[in-house]
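Per chain, numbering begins at 1; letters A, B, ... match sequence-line order. Given the structure is predicted, the values throughout are model-derived calculations rather than measurements.
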Amino acid sequence: MNLLEVKDLHTNFYTDHGVIPALTGVSFSVKKGEVLGIVGESGCGKSVTSLSILQLLGNKGKINSGNIHFKGQDLTTFSTKKMRKVRGNEISMIFQEPLTSLNPLIRVGKQIEETVLLHKKELSKIEAHNHAINMMKMVGIPQAEEKYAYYPHQLSGGMRQRIMIAIALACDPELLIADEPTTALDVTIQEQILGLMKKITRELDTSIILITHDLGVVAEMVDRVVVMYSGQVVEENEVGKFFANPKHPYSKGLIRSTPSIDQEDNLESIKGSVPTPANKPSGCPFHPRCPFAMEICKSQAPENMYYGEEEMVNCWLYKEEVKTS
Amino acid sequence: MKKFIFKRLLELIPVLFIITFVVFVLVYHAGDPVSLMLPEDASQEDREYMRESLGLNDPFIVQYANFVMDITRGNFGTSTRYDMDALPLVIDRLPATFELAGAAMLVALAISIPLGIWSANRRNSYVDLFITGGSVLGKAMPNFWLGIMLILLLAVNFQAFPVSGRGTFMHLVLPAITLGTSVAAEMTRLVRSSMLDTLGQDYIRTASSKGVPYVKVVVYHAFRNTLIPVITITTLQLSILVSGAIITESVFQWPGLGMLLVQAVNARDMAVVQASVFIIAILVILINLITDLIYFIIDPRIKHS
Amino acid sequence: MTEAVELKEKHRTTEDQKVLLEVKNLKTYFPIKSGKFKRTTRYVKAVDDVSLYVKKGETLGIVGESGCGKSTTGNSIIRLVEPTSGEVYFNGENIASVKPKDFRPYKKNIQMIFQDPFSSLNPRMHVFDIIAEPLVTHKLYKGKELEKRVVELMEIVGLDPELLHRYPHEFSGGQRQRIGIARAIALNPELIICDEPVSALDVSIQAQVLNLLKRLQNELDLTYVFIAHGIPAVKYVSDRIAVMYMGEIVEMTTNEKLFSNTLHPYTKRLISAVPSTDPTKRTIGDSDAVADELNQEETSDQGCKFAARCPFAQDNCLVDRPKLREYATGHYVKCHYPLKH
Amino acid sequence: SGESGEVGTENGTENGSVTDGNLVIAQSADITTLDPQDSLSTNGERIFRNMYNRLFARNQDMEIVPEIVESYENVDEETWHFNLVEGITFHNGEELTAEDVKFSLERVMTDQGLKEYPYFTQLAEVNVLDTYTVEIVTDGPMPTIQHVLAKSGADILPKEYVEEVGMDGFVENPIGSGPYQFVSWDVDSEVVLEKFEDYYGEPGIWDTVTVRAISESSTRVGELLTGGVQLITDVTPNEWDRVNDNEGTSLVQGETTRVMLLMNRLTEGFATSDERVREAIDLAIDQQAIVDSVLRGSGVPVRSRVPEGVFGTNPDLYDTYVHDKERAKELLAEAGYEDGLEITLTAPRGRYPLDGEVAELIAVMLGEVGIEVNLELLESGTFIDVYSENENEELIMIGLADGLLDASYSLVHYTIDRAAGQTDYNNPDVDQLFQDASRNLDEESRLEQFKEIQQVVAEERPHTFLYQDKVNYGVSDSILFEPRLDEALYFDHIQPN
Amino acid sequence: MSEATSEVKKVKTYKRSGNVKLFLKLLAQSKTGMVGLFILISVTLIAIFADFITPYSPTEPQLSDILVPPSWQEGGTSAYLLGTDNLGRDVFSRLIYGTRVSLIVGVLSVVVAGFIGLIIGVVSAYFGKWVDQILMRIVDAFLSIPSILFIMVILTIFSPSLTVLIIVIGLTTWVNYARIIRGEVLSLKEREFVKASQTIGTSHLTIIRKNLIPNVMSTFIVISTLSVATTIILEASLSFLGLGIQPPDISWGGMLNDGRDYLATHWWMGTFPGIAITITVLGIIFLGDWLRDVLDPRL
Ligand SMILES: Nc1ncnc2c1ncn2[C@@H]1O[C@H](COP(=O)(O)OP(=O)(O)OP(=O)(O)O)[C@@H](O)[C@H]1O
Ligand SMILES: Nc1ncnc2c1ncn2[C@@H]1O[C@H](COP(=O)(O)OP(=O)(O)OP(=O)(O)O)[C@@H](O)[C@H]1O
Ligand SMILES: [Mg+2]
Ligand SMILES: [Mg+2]
């Protein structure tokens, strides 16, 4: 059974400048123990997707339709109180900016401990304290006892991100959502953080949604890839197949425009840039940038087309192909 | 920390020097207390004699040099109005002013912090509109107007409080409300915007993602962070507090520094004006210093840098 | 320590390419002022004895982790910050010793492209004014001609000249970076220092800008110093690459040699940390990499700065500071024990 | 300061009928010193009158009566002998003797720094004849000697005590011989006095008297209405109804020696140097209308600076005014200003009751006869600068009081020396009359001389007189209070009701 | 080339609306902003056309009509809508003329203060080092003396005419601008576009003029707007101390102060100017707050 199943999620933001449809039909699922990668460029809705799952959209954002089934239960029907029990406990999250994501005025150890105390009610204060220190050790922070009393600004970026991971994993969540956990870090640190995540989640059998715009990270880390563009999922596939044979023109473009060390030939770029939700093109949102755009793309949005168990593409090019397969 | 305080105190010297100069230039040109000391009928000779005996006929530089020298000895000159040393006169008034300012600050904090937080958390609701509107109103209302109204209504009509003077707790209520309101008005807006700012921070999202209940997010995670900018701006509110105190004290006949100053200015009692301005300036600076020390306490980022 | 490094290659390979820029023993220290009353207690050695050269028409890439001094190097060359010591020869002239106010003419020949397309354009100026600024400052064009030149520049970088009178916020990140590039090439400079010109851009846009830079280099005969922390991008555009670590250049050589014949352990570490885009060649999480960020803090004043993190460090690495030396032709390295292949 | 702290609800509903032997008075400004010889203010006088004794005093009708003088003798034109009442003690228990009188008078005669000094310059010598007899020798005949000796400058200070603690020490903790002794003074706030049990005469009727300073007029009234104080001074006309309509308080109006007037510049070059213009100005102003409207009757139109009750007054010029707009216009035309005239009127604002408003009215009234007025309304301090530096132009409005209650005090303004630079009034006859009067010990002829001066002045108009100011007290029904012309307060004349 | 143009087209359709239109659109979205602008425009119009609106001379006393209550109250007449004051002058007419002076004082003294503060703030931050040190010590000194104190002392030297008041308020309140502008410029100066100008060789003056000042303008406008409100209140407070605009000039503060002795007995004298001040200040603050939102450079 899938641990998490997101179906046709629509999320809007109601701002002073009008309604912003940030997500327009997002569906995917995460299996137990699996690492799911969500890729896409800035503004395509990756973060909103993750925040929607935890319902942390603030008072302006709202899930308009769709369901989020977690272990069979629909999170969108949960009360605030019930949702609080899920957050940090069963589903937890790591954010991109480790500096700003930690409260600057609270000792890092305390911030870990807070989660523990919240969700593991059976633990005493001292036990929670020890648990926090253990978590710090587990994420590879040396002299954890001493560092417990540090404030975030006293730690380096990598260390802070480790603290974030410790907070996220403190209550053995079943699902960890990591929203660009390494974008702000140097490659060498990134390597360690990703390695750490891989190791720990493997040990704990935690599923991960890894959000990134770095295809390299995807290739390194994930089992399955979901590609988002302009608030929707345009392709979903197993990671090997995805890199070997990307279907959607956007996916192809992404891969070809990503420089890599093994790069021999010239980079190809996708023309234009990502549209904002407020001025999303008609039909397929990618059509103005698509080298294969057809007439139909301009007027009619394609449906999700499944050509395998969990292989999906959202593109008119594959209409025939999918039908015949 | 000690070093820090020392440095700040050192920094005071040029500032105080500038202050003495500015104050002195003003006072030097402020004209002559003599005619205010003598009745309308006094003859020119009487005036001239008085002027000479007060040393008002010396050239500017001599007067300034004397002034600075005297100040370093803690001597601000003699009040022409009271014929007493100016400094003790000013210092005697400090307790009353501190009492009023402190009470007003408490009133202001008691009003502004809860209201500011409340309206930030109900952004764009009617509550927010009401509180914001109220704070603007509080700001727009001249201080003396409110004071007189409070006297008319609560002291004269309902006789719930004494009209004026200082003494019991009841005496303090109306002046503190009057002065506190104007400060609270501004501070409510500040707390609100600072709170809004804080609530938009990533770590608030982190706290929520951990499952922390909203109230605790606000109280435990957001509040202290909200305070930091509020403290800065609160010290900038000092000048509102001081000018408010000047007016409020006059309305309520509160025997504090503000009233002394108004009377001194009216009587051209420049020694007292100088001493008051100087003492107020030092107090303002000291309070700023204390604020910085508060940062040390509540903001670890400063402590470790 | 400041002993001059002889960049011998320059003398050997000048047949067709002359050296446009040569930096010798450049040091830029920032005083750390503590408290408010400012006494300088320590220095951040942002650039600590850097020597490099760039030949006309080539691209020198500078890579390194965040904070290693890449930007400061670039800024020191163009005198945005005043270098503490060292020489910078541009076309054979030492421009580091020119008085700040006499430096202006050189600014025509060296330009800069900045990282953040959002903050590098004055939000209160039209595109026209932004691109025209260098031309007006150096009084090169006026009136109609100025407009013609600006339009021309916009076309060169692929912007619709119709957008002349728009404000920066009306553009996307990629377009803004094009505006920045147009401004940089306006004076026909010989050298452009690109400080992470694509780091802030979306992947799909990055490629656009990288390709544009490459095209302009060909068309306008430009020389680039290309600063970036993303190794793939540097590799894509550079002819030669310098690797920086904590204010120093630890390795410098041609593009292929750096990857095929890596000499410095740090370079190796850096390259291996780059995730590959091939899911079949996963490396992350397989090895227990040293906790870099810990040891990084424990650098002493003595010895090799990388020693604490270096898996191959020997005893003397902790004591003797290595010098940059030419290990093989045109391949410079700052290591006592370069990797064997 | 506890007494004043009573909350209105306990005390105020009955409007202070329970005074418990404690009297609270509020005046509009505080005293500035406790040294009676260094103060010329009415506010100070209200305290000193009760703390100290003088050789002479004025009774309720402003007649000069001996205070601590048993008997006195005018030995010759320049020599006076005074026998003191025996058994007077200072608040510290020491006896008041001729030595103290000599000490006090010599101090004020010789110390130029004292504000009262100018009044005592004509005293030449003070000699102690015996413990209770003092001789005063004046410099030439001095008709005003008793007036002077009834001023606060003549308050008797304890010689020994002052010498012991010094003047600074004395001012901090002053000691007199009056019916009330000093308890405390909070600057700008209040002075507290208490009954002096060993007073030589009738003991005081109040246990304590607190004199508060409340500058804000509505606050002062508020205190009265709520019973916080029993007597307030300087009630502005707009507050009268509040005071009168309130149950338990009422308004009491008293006269003052202060006359509001316009000083004319007779200096060459100013339009007001023309007598016809000055007359036109006087005729243009409707003094009665001013008094009736803005002042709501709180004043008396006069044509002299010496009001009734002051020695030397000319009754013909009291409670009278001239007003004739047509004649004023004619005069202006005669003077050559048929096309209008522009003059500057300098006036204070906030120095005297409703001064600004009165000035505005005058400007309008002058405007009606064709004199365009540049009204220069100045804050008190600035105003007095302009006044004392003689920087004003044609007209300056000012209120002048009589500290001596003797016309010589006021009429000196019309002497040539005194007028120089100010009004530049120059009438040798007036000058001579004044000089004669100031050496004249014969009251009757002296009075005539004063009357004559005033008559001339009323016609030649170096000053254009407006009205004699009145002072308005708010009085609680719990006390009986009668105002005095000199605005002083004798606490013992304020009776519990 | 082609790829770029398509990118461009989209941008074009996206933010086509010009600045003015956008401004109006944003204004329409904010109720308080609208209200604020409306109030401010009305008040300004009243100030400009005072001569045409007032039924009576605002300064001429009318002794026969002293302290007439407002028209709807017992004893009031329709001739005097808001009643008359203690000299029989029409409160309504005075209120309208008072608008003029209050606005002039508010606006012009802010102009003076803003000008000084802007220059000092920019120069101090841009040149840094000793220039900054000196200027900031001066700012500290001024900051530690509350401006009302300053003004009180200065006004004992110069009697408070309109011009004097404007200059004095301006000279004592500039610090606030200097401080805020300096902070803004300090961060602005680290922005890359300033560095870009420096690499081009642009002169300091041009950098200040083109890069710094335009970018602090929005902050500047916001503080200025709010300062107008503060100044109007300040003038009222000064009037209370007898240091405001002097008659025969009419300001709301002056009227309010004249009316304060009459609050208990003839409420209309002081209440209407009080209301006028409150409404105007309210409007200005609304507008200022809205400008703060709109002019935020992040937009
Ligand atoms: N609080 C919000 N209010 C209004 N719009 C929002 C808000 N949060 C997100 N959006 C909009 O939703 C869209 C998707 O944003 P999202 O943050 O999910 O992008 P992302 O894919 O995570 O991009 P990035 O890589 O930059 O993090 C964006 O265009 C953004 O404008
Ligand atoms: N103006 C300055 N004052 C003080 N220290 C500075 C200054 N500029 C840079 N530094 C310090 O110098 C070091 C090198 O900075 P620099 O910006 O050159 O690094 P970088 O390699 O460009 O990093 P990044 O990849 O983050 O841009 C850093 O430690 C930085 O903190
Ligand atoms: Mg995101
Ligand atoms: Mg950099």
Side-chain angles (χ1 to χ4, degrees), chain A residues 14-16 47 50-51 53-60 80-108 110-119 149-155 163-164 167-168 170-171 173 176-177 179, chain B residues 117-129 132 192-232 291-305:
Chain A
Y14 299 88
T15 69
D16 295 344
S47 300
S50 57
L51 293 173
I53 295 170
L54 278 181
Q55 290 170 31
L56 288 174
L57 292 161
N59 46 13
K60 280 189 189 161
T80 324
K81 203 169 160 209
K82 223 168 149 191
M83 200 58 221
R84 270 210 312 268
K85 295 229 171 75
V86 175
R87 291 181 200 140
N89 190 24
E90 294 181 273
I91 306 179
S92 56
M93 202 158 167
I94 308 171
F95 299 98
Q96 171 173 353
E97 270 296 335
L99 177 60
T100 57
S101 297
L102 290 169
N103 193 323
L105 303 188
I106 302 177
R107 297 175 195 282
V108 289
K110 274 256 177 286
Q111 300 193 43
I112 304 174
E113 199 177 304
E114 187 186 17
T115 324
V116 180
L117 284 171
L118 266 173
H119 298 294
Y150 274 34
Y151 288 97
H153 70 275
Q154 293 169 285
L155 298 172
I163 297 286
M164 277 305 296
I167 293 175
C171 298
L176 174 67
I177 304 175
D179 188 353
Chain B
I117 290 178
W118 192 23
S119 72
N121 282 296
R122 292 264 187 291
R123 192 182 180 180
N124 291 339
S125 69
Y126 282 102
V127 171
D128 184 26
L129 200 72
T132 321
R192 175 178 178 273
S193 71
S194 172
M195 191 68 182
L196 278 179
D197 222 47
T198 311
L199 287 177
Q201 296 293 316
D202 287 349
Y203 54 79
I204 296 298
R205 193 181 55 185
T206 307
S208 302
S209 83
K210 294 198 291 192
V212 180
Y214 190 69
V215 174
K216 198 181 169 201
V217 171
V218 171
V219 173
Y220 181 64
H221 288 270
F223 183 60
R224 273 216 292 173
N225 290 286
T226 303
L227 274 191
I228 290 175
V230 169
I231 288 171
T232 320
T291 318
D292 288 346
L293 294 182
I294 294 177
Y295 283 139
F296 260 91
I297 296 162
I298 70 171
D299 193 342
R301 283 168 294 190
I302 296 177
K303 201 173 352 189
H304 299 110
S305 71

Taking all atoms of both residues into account, what is the closest heavy-atom pair of [X] and [Y], and its distance?
{"X": "B/Arg205", "Y": "A/Leu51", "value": "CD-CD2, 3.8 Å"}
{"X": "B/Asn225", "Y": "A/Pro104", "value": "OD1-CG, 3.5 Å"}
{"X": "A/Ile106", "Y": "B/Tyr220", "value": "CD1-CE2, 3.5 Å"}
{"X": "B/Thr206", "Y": "A/Met164", "value": "CG2-CE, 3.8 Å"}
{"X": "A/Arg84", "Y": "B/Gly211", "value": "CD-O, 3.3 Å"}
{"X": "B/Lys210", "Y": "A/Glu114", "value": "NZ-OE1, 3.1 Å"}

State, yes or no, whether a side-chain contact exists between A/Phe95 and B/Ser209 at a heavy-atom distance under 4.5 Å.
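A side-chain contact exists here, since the closest heavy-atom pair is under 4.5 Å.
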
Measuring from B/Gln201:CD to A/Glu97:CD, what's the distance to the nearest 0.5 Å?
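It is 11.5 Å, given to the nearest 0.5 Å.
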
Under the side chain to side chain contact (heavy atoms under 4.5 Å, CB included) test, which residues partner B/Ser193, sequence neighbours left out?
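By the side chain to side chain contact (heavy atoms under 4.5 Å, CB included) rule, B/Ser193 matches no residue at all.
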
Under 4.5 Å from any heavy atom of chain B - which part of A/Leu105:
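When you check distances to chain B, atoms from both the backbone and side chain of A/Leu105 fall under 4.5 Å.
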
Option that, when pairs with chain B are counted at under 4.5 Å, heavy atom only, ranks first among A/Ile177, A/Asn103, A/Thr80:
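Greatest number of close heavy-atom pairs with chain B: A/Asn103.
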
